[in-house]
Each structure stands twice: as structure tokens, then as C-alpha cells.
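Letters A, B, ... mirror the listed sequences (proteins, then strands); counts begin at 1.
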Amino acid sequence: MTVENAPSWLEDLNPQQQEAVTAELGPVLVLAGPGSGKTRVLTYRAAYLIYELGVPPFHILAVTFTNKAANEMRERIAELLGGTPRGLTVGTFHSICARFLRRDGDVIGIPSNFVIYDDNDQIGVIKAVLKELDLDEKLYPPRRISNFISRAKNELLTPDMVRARIHREEIFRRVYERYQEKLREAHALDFDDLIMEVVRLFREHDDVLEKYQRRYQHVLVDEFQDTNTAQYEFVKILGKSHRQVFVVGDEDQSIYRFRGADFRNVLRFRKDFPEAKLVLLEQNYRSTGHILAAANAIISKNSSRTPKQLFTQRGEGTKIRLREAYDETEEADFVANEIIRLTGEGYRFGDIAVMYRTNAQSRALEEAFLRHEIPYQLVGATRFYARREVKDVLAYLRLIHNPSDDISFLRIVNVPARGIGAKTVGVLQRWARDAGLAILPALRLVAAGSDSIEPPPLRRRAMDAVLSFARTIEELREESDGMPVPELITALLEKVKYKDYILKDDSEESKERWNNVLELVNVASTILVGPDEDPLTAFLERVSLVSDVDNLRESENGVTLLTLHAAKGLEFPVVFIVGLEDGLLPHSRSIDEPDEMEEERRLFYVGITRAKDLLYLLHTFRRTRYGSSDLSMPSRFLSEIPKDVVENYSPGSYGRSGPGARRSSRNWPFEPLGGSKRSSGGPIPRFYAGQRVRHPKFGVGTVVSVVEKNGDQEVRVAFAGKGIKLFLAKLANLEAV
DNA sequence: GTGGCCCCTGTTTTT
DNA sequence: CAGGGGCCAC
């Protein structure tokens, strides 16, 4: 098949896109810049295989990283072909692997009703292990250990394969070992296991591997630069026999290093599939010229990349609007006011996104939006599924589904309170462990009067409470078989009197909690269950594997608030990026590591390239972090943007020229925003406690305290009748009297 | 065993 | 600033 006789529906692709879509069978690597039609190429390729080459959809596997991307791909393919092709598999790495394991995991000892442990569950298991091994959480922080374990698993390393170089790593390794046993006992897998275990399944069982290779003769992968070693291996093994592997990615948008992603998998791919056809997509259909120029300038500073030069035919467009606000409150206010102004120009709220480096930054924005009555939707942050009440209900469901799930057992054994305290729980844990069983299954044996197990050493009262709890779960389990999940949730809420527990006072917070529980019932009723799936299994799996962006409703007319990470793959006519300060972007944790710095730069690049028409870049003069306010420096990345694509922007109605307008910094190539009165330069006065000073507005006062900060002084001055005011020596026009 | 208070600490990004 | 752990009083 060549481009010349391509069917008409390929005509809306540019030559490079066509080249990729109609590439001969065999491995294909598409390196696609932002906005160059990456997803389009992927969906057209799938459609092309089916429609032109007559490949049965059954033989196609398309893999993405988020459910949202998977759904989009499925829909777009359906649009092209006029209906969803039967048997086509589209899903995330995690959901696909979970499915494989439910079906075939038994040969490597994975029960088909396994639960998926999330982050918090993992920490819970690690803490339990630390207690068991009598290790101090202070010395061996669970968070670190979980990262350690995750990193190992992403590299496909089992505990015995991890080589510890220092004592501490050896401890981590042992915790990993015991952690893994505990997961197995609980019939649980964590996120990383889903991938790693499938790879193990494929490696250890040729027959299973061959079955999947025969089924999936075409493998398509989106966002290939985000794969970690385990995911790469998954793709490689599956494609080994037929080599029909079509991957699309962009090294410049690799922003998940911290969770094991390695964009060098692109290079590895070229080595493992040397015959791979390489296609570069450089034409950008999204952004205007100025925005693209900034993006190109930023990313070209990175050393490890395949040079690409994006171009657009959209014209130069509006210059980038750069602004400094005094602090995060003013920054948010500026964004809000500007959004209102833009809606007057015909933009809709839904056209606009505000992006930031850390979730904590969303707060100031939310507050401003509430004040200005701007509708918004927040992606991520305090996620619905992380809410306590939601997790409680899910723990009940998980325990019903899988009685060995000790983490869920521990979570709810005393929720609502039923007189089973920490001591009792401790006894139960030790007792079950010695018996080599999970807690609930062990209790079941006791309840059944089995003589294969000694009852736990508990007092009568505690024992009764525990057995009653076990019976409750057992009854729910019996009643629930095959029951639709919403009904099951309702039944269990009733049975354990969860509503009374949540609504024990009638605060707003309680009501909101209860609403969340009801929302969960609602979610359960919207989940699609396949014909051969158990409803509860399906529900729990969908819920475990949702990502933040999955919940983004594009149809809704609200401003989108999201992290730069969550923004990847999206586009908006108007984008605000806030908090462009050293320490935030680039993040302070990355500044002394060159590789990390390159990743921060890519993150900025991803943000910039989300914008179609208007891009606003904001930073503050001072920012409150961890409760205290510090002076901030503009992000060093800002100085990498060519000056001629930036407009120093100050909208008419909002022309404040606060202290932030003045700055002398080598980071700072841009003209200050107008209005500065204070002459720059000249010696900055030094102050000391007890000194008498004069302020132009407050008059004469006494210095109460002086704190040295970032080369400046924070001066507290008491004024008679006006209280104590805080100033920065460099800015406030304080003079010694 | 429960609930409340206080201190302390650790603060990135997430399937 | 906020979540968690430790400690205390019921």
C-alpha cells in the first residue's frame, strides 16, 4: 500500500501522517511533537489495519496510559469505521494486565479475585511489615521504602535480585521481601505488580505467551516515552513473534521519570527492532507561532533528545503574556479577572485551563474562582477515591470480594466503632500470622468450630465483637452473590449503620461525606459490566485503576484547574501557567540534578504546548509555602524564552504596580511592568530591633524584630495605635529616624 | 477503648 | 498549612 492509492479517508492526513498510518507491516516508531496529530495517527492506523488490510479487530491491542486516552481512541476508531469493531482491545497498561492476570494468573499462583492495592494500601502493608520486623518508621520511612519497591518492580527486580549496596538498602530489600509475602497472603497486587506479573507469566509460560501473541498480532502503543522497563518488556515480549509493534511517542514530553518511565526506551526500541520504520511528525496544528517559538526555545536547551523543529502554519498569533503578581492571592485574582475579561471577548470558561506544578497551588485559585463566581473543575488533588468515607465503603466491598484482604479488614474492623480496639487488632494480627492465614479466613474457621485452629487469645467481650463483625461480612458475602453493586452498597450501609456513623453530627462536613457515599453508589450504577464479568470484581477494578484526568469532563463549561503532569495530552485555546518561580518550576527537589532539570524543562514545555491561541505565564514576587511566606525568584526557564514573542502585559483595568514590579535579577531579562516609583540601586538600609523608623504611610514606629531572609530583611515595626506591620527592607520605604 | 488535643514534621509530579 | 502520631483524660 502506498500513499498514491490511499483511500479517500486518508486524505485528511498530511504526508508524514499518511506515511506512518500506511507503513508496511512490521515495527514502526513515530516520534511526534505536541499537537502533531499523534493520537490521530494511532487511531487511523488501527482503522487502516482493519479497513484496508482486513485485519480482524480481534487481533489488535492498543495500549495507553489513562482510561481517558483509551476511551478517546476507542471512540475515534468507531467514528472512522462507523461503529465499534468487535473484539478490539483498547485499554491502559494496568487494566489490560489486570485482565490478563484474572484470566491466566492462576498458573503463576495469582487467584482470579485478587485485589489491587493503591498507594495508601501499600504504605499500610509496609508499616505492618516494619512493626513485624521491629524497625523504626523514623529510620526507615515507609514512603521511601514504597518508592524503593516500586523502582525495583519497574525494573522487574524481585527482592532476591535487588542488590543492596548499603545497610539501609539491605533493610529495604528485606522489607520488600516480607511486603511481597504479605501481598500474596492477602491475594493482593499493587500497581507495579500488574505489569511485572504479566511479564513473569509470559516468561515462565510459553503456552500462555503464545496464546496472547497469536491473539494480539498487532500492538499499538501511545505515549511510548512514558513506558518503564516493565512496560517496555511487556510490549517487546508480546511483539517478539510477529513484530507488528506500532509505537508513538515524544521524548520531549517524557515527564514521568519519577515513576520509572525512561524515554530511552525509544532508543531501546530502535535497537530491539532495528528494521523499524521511523517517522517524524513535526507539523504542529495546535498552537500559534509565538507560542511554538517559546516552546522550541525552551526544549532546545535540553541535551538528551532527538532534535526536532516544530512548525505551524497558523501564523504568529498573540504574543505570550507574562506577568508578575505580588503573591499567590494576587496571582489568582489576576487570573480570575483576566478570565472574566476573556469571556467578554467571546471565550468560554471551558476554553480555559490553569496549570501549576504542585497540587497545593490550586487552593488560591479555587478561592479566587469562588470569589469571582467562575465555574471550574479541578482535576485530581483531593481525589474522590481518597476520601475517607469512600475508602471505608470500598474496603467493605473489597473484603466481601476477597476475605483475605487484611488491609481492608484492618481499615473497617472498627468502623463504625464496635469496640474492637488497637490491642484486640494486634492480637488478631499476630494470631493469624502464626496460623499462616489472613485474619478473616482464620476467624471463619473459628466461627465454624474447626479444631484445626486455636481461637485467638481474647477476652469474651472482644471475642464476641470480632466474631460478630466476621459474621456481618459473611452474611453480606452470601447475600451479595451476583447482586448489582449499587444494591450491595446500599445493603451494607444499612447493615453496618454507616449512615448514622457519618451523620452523627449535622455539620456541613458530615453532609458532604454522606453525599460522597451516595455519589459512590451513583458511580457504581454507571459502571458497565461485561457479560462474563462478576459485577463486584468489575467495579472494584475500574475504581482502582481510575486516573485523575479520567474524570475530566470536557463538555462542561468550567475553567480547568490541573497540574502540568495531568495536562499532557490535552489542549485549550487559553492556558495560564502559574507559579513560574525557581523552586516551584523547576522544583527545588530537581535543581541540583541535571537529569531532573531536563525533566522540569520538559514539564514546562508540555504546559506551553497545551495552548492554542493565548498563553499567560505568571510568577509571583513572594509566595506562601508550608505556611510561611518567602520571596521568590522568577523561574530560570523564563529567561530562555525569546523576548520578541513575549508581551509584557498589564490589562487596563488591572494596572497595579506593586512592589513586585521592581526587580533586579540576572534571571530577569524582561522589562519591569510599569509604575515603579522607587529608584533602583542605591544602598539598602539595614535595620535592627529597637530602632526608630519612619514609614511614609504609617509614620514613625519602633522596629520589633528583624529576620534575615534571602539577602533581605523582614522587619516588624510597631506603630502607635496602628499595630505591628511587616515590611521587607528592600521594598518598604522605611528610613531610620 | 474512645475521642480529643497538641506538637511535629515534611512537604512534586501519579497509573 | 495539614496530616499523623503521641499522649492524656474520660
Side-chain angles (χ1 to χ4, degrees), chain A residues 63-70 91-98 116-120 122-124 127 136-138 141-144 146-147 150 153-154 189-196 223 226-228 230-231 254-261 328 355-364 379-383 385-386 388 414-426 459 461-462 465 504-505 541-550 562-568 579 583-591 593 596 599-600 602-604 606-607 623-629:
Chain A
V63 196
T64 63
F65 277 87
T66 66
N67 295 298
K68 182 168 181 289
T92 65
F93 274 101
H94 291 88
S95 67
I96 285 168
C97 287
I116 299 168
Y117 273 3
D118 70 14
D119 240 37
N120 288 303
Q122 287 181 52
I123 298 290
K127 284 184 176 172
D136 187 352
E137 283 186 22
K138 297 265 156 54
R143 191 74 266 157
R144 288 261 172 77
S146 103
N147 284 335
S150 179
K153 289 183 175 180
N154 288 333
L189 299 179
D190 63 25
F191 286 135
D192 303 315
D193 282 334
L194 293 174
I195 319 290
M196 185 174 177
E223 305 280 15
D226 285 336
T227 52
N228 59 36
Q231 288 157 337
S254 163
I255 53 174
Y256 285 107
R257 213 171 90 98
F258 68 92
R259 70 172 194 216
E328 62 278 348
M355 302 173 186
Y356 35 81
R357 175 70 234 261
T358 68
N359 278 306
Q361 291 169 256
S362 69
R363 206 219 226 90
V379 176
T382 24
R383 299 172 47 189
Y385 293 104
R388 197 170 77 213
N414 203 31
V415 177
R418 38 177 86 88
I420 305 173
K423 230 167 121 194
T424 307
V425 170
R459 289 173 186 283
R461 251 171 71 142
K504 53 182 176 259
D505 56 63
E541 185 157 309
R542 307 281 195 285
V543 156
S544 310
L545 299 177
V546 285
S547 70
D548 288 338
V549 278
D550 292 345
L562 75 184
T563 62
L564 289 163
H565 281 90
K568 188 154 66 99
L584 217 42
L585 185 77
H587 195 271
S588 48
R589 299 269 306 220
S590 309
I591 277 175
E593 244 263 48
E596 298 275 322
E599 177 130 331
E600 296 288 311
R602 290 193 291 268
L603 201 47
F604 188 29
V606 166
R623 178 170 297 272
T624 310
R625 266 182 103 186
Y626 322 132
S628 69
S629 174

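For N414(A), the side chain to side chain donor-acceptor pair (under 3.5 Å) criterion is met by no residue, not counting sequence neighbours. Residues satisfying the side chain to side chain donor-acceptor pair (under 3.5 Å) test with R542(A), not counting sequence neighbours, are E533(A). In this structure, Y117(A) has no ring-ring contact (aromatic ring centres under 6.0 Å, His included) partners at least two apart in sequence or on a different chain. Every residue was checked against the side chain to side chain donor-acceptor pair (under 3.5 Å) condition with E593(A), not counting sequence neighbours, and none meets it. Scanning for side chain to side chain donor-acceptor pair (under 3.5 Å) contacts around D119(A) gives R143(A), with sequence neighbours left out.
Nearest nucleotide to the N359(A) side chain, out of dT14(B), dT12(B), dT15(B): dT14(B). Nearest to the side chain of K423(A), among dG1(B), dT14(B), dT2(B), sits dG1(B). Listed nucleotides dT15(B), dG1(B), dT12(B) differ in distance to R357(A); the shortest reach to its side chain belongs to dT12(B). For T66(A), the side-chain atoms get nearest to dT15(B) when compared with the rest of dT15(B), dG5(C), dT13(B). Between dT15(B), dC1(C), dT14(B), one nucleotide has an atom nearer to the side chain of T92(A) than all others, and that is dT15(B). Closest approach to the H94(A) side chain among dG5(C), dT13(B), dT15(B) is made by dT15(B) (side chain taken as heavy atoms from C-beta onward). Among the nucleotides dT2(B), dT12(B), dT14(B), the one closest to any side-chain atom of E600(A) is dT12(B). Of all nucleotides listed (dG5(C), dT15(B), dT13(B)), dG5(C) comes nearest to the side chain of E137(A).
Counting non-hydrogen atoms under 4.0 angstrom, S95(A) reaches nothing in the nucleic acid. Within the 4.0 angstrom heavy-atom criterion, no nucleotide atom of any strand lies near N67(A). Backbone-only engagement by F65(A) is indicated by non-hydrogen atom pairs under 4.0 Å involving sugar-phosphate atoms exclusively. Among the atoms of the strands shown, only primed sugar atoms or phosphate atoms (P, OP1, OP2) are found under 4.0 Å from some heavy atom of R363(A).
One can place CG of N147(A) at 13 Å from P of dT13(B), the figure rounded to the nearest angstrom. Between M355(A) atom CE and dT14(B) atom P there is a gap of 13 Å when expressed in whole angstrom units. For the pair Q122(A) CD and dT14(B) P, the computed distance is 16 Å after rounding to whole Å. What separates CG of D550(A) from P of dT14(B) is a distance of 13 Å, to the nearest Å. Rounded to whole Å, atom P of dT14(B) lies 12 Å from atom CD of E599(A). Straight-line distance from the CG atom of D226(A) to the C1' atom of dT13(B): 12 Å, rounded to whole Å. If you measure from atom CG of N120(A) to atom C1' of dT15(B), you get 14 Å, rounded to the nearest angstrom. Between K127(A) atom NZ and dG4(C) atom C1' the separation is 7 Å, expressed in whole Å.
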Can you check nucleotides 4-9 of chain B for protein contacts, nitrogen or oxygen pairs under 3.5 Å, and list what you find?
none

Kindly determine whether Y356(A) and T563(A) satisfy side chain to side chain contact (heavy atoms under 4.5 Å, CB included), including the steps that lead there. CA-CA 5 Å; Y356(A) 35 81; T563(A) 62; 3.8 Å; yes
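Checking the phosphate oxygens (OP1, OP2) of dT2(B), a side-chain nitrogen or oxygen of N414(A) falls inside 4.0 Å. Note on S544(A): every side-chain N or O is 4.0 Å or more away from OP1 and OP2 of dT15(B).
Residue ring and base: F258(A) counts as stacked with dT13(B) (centre distance below 5.5 Å, interplanar angle below 30°).
Residue whose closest nucleotide on DNA chain B sits further toward the 5' end, between R589(A) and R461(A): R461(A). Positionally, the nearest nucleotide of DNA chain B for T424(A) lies more toward the 5' end than for the other of T424(A) and A566(A).
Taking a cutoff of 4.0 Å between a charged side-chain nitrogen and a carboxylate oxygen, R363(A) and E328(A) do not qualify as a salt bridge.
At a cut-off of 3.5 angstrom, counting only N and O atoms as typed in the model, there is no donor on one side facing an acceptor on the other between the side-chain of H587(A) and the base of dT12(B).
You'll find the side chain of L194(A) reaches within 4.5 Å of the side chain of L545(A), heavy atoms only.
Put simply, NE2 on H94(A) and CD1 on I195(A) are 4.0 Å apart, with the number rounded to the nearest 0.5 Å.
dG4(C) and dT13(B) have their P atoms separated by 16 Å, with the value rounded to a whole Å.
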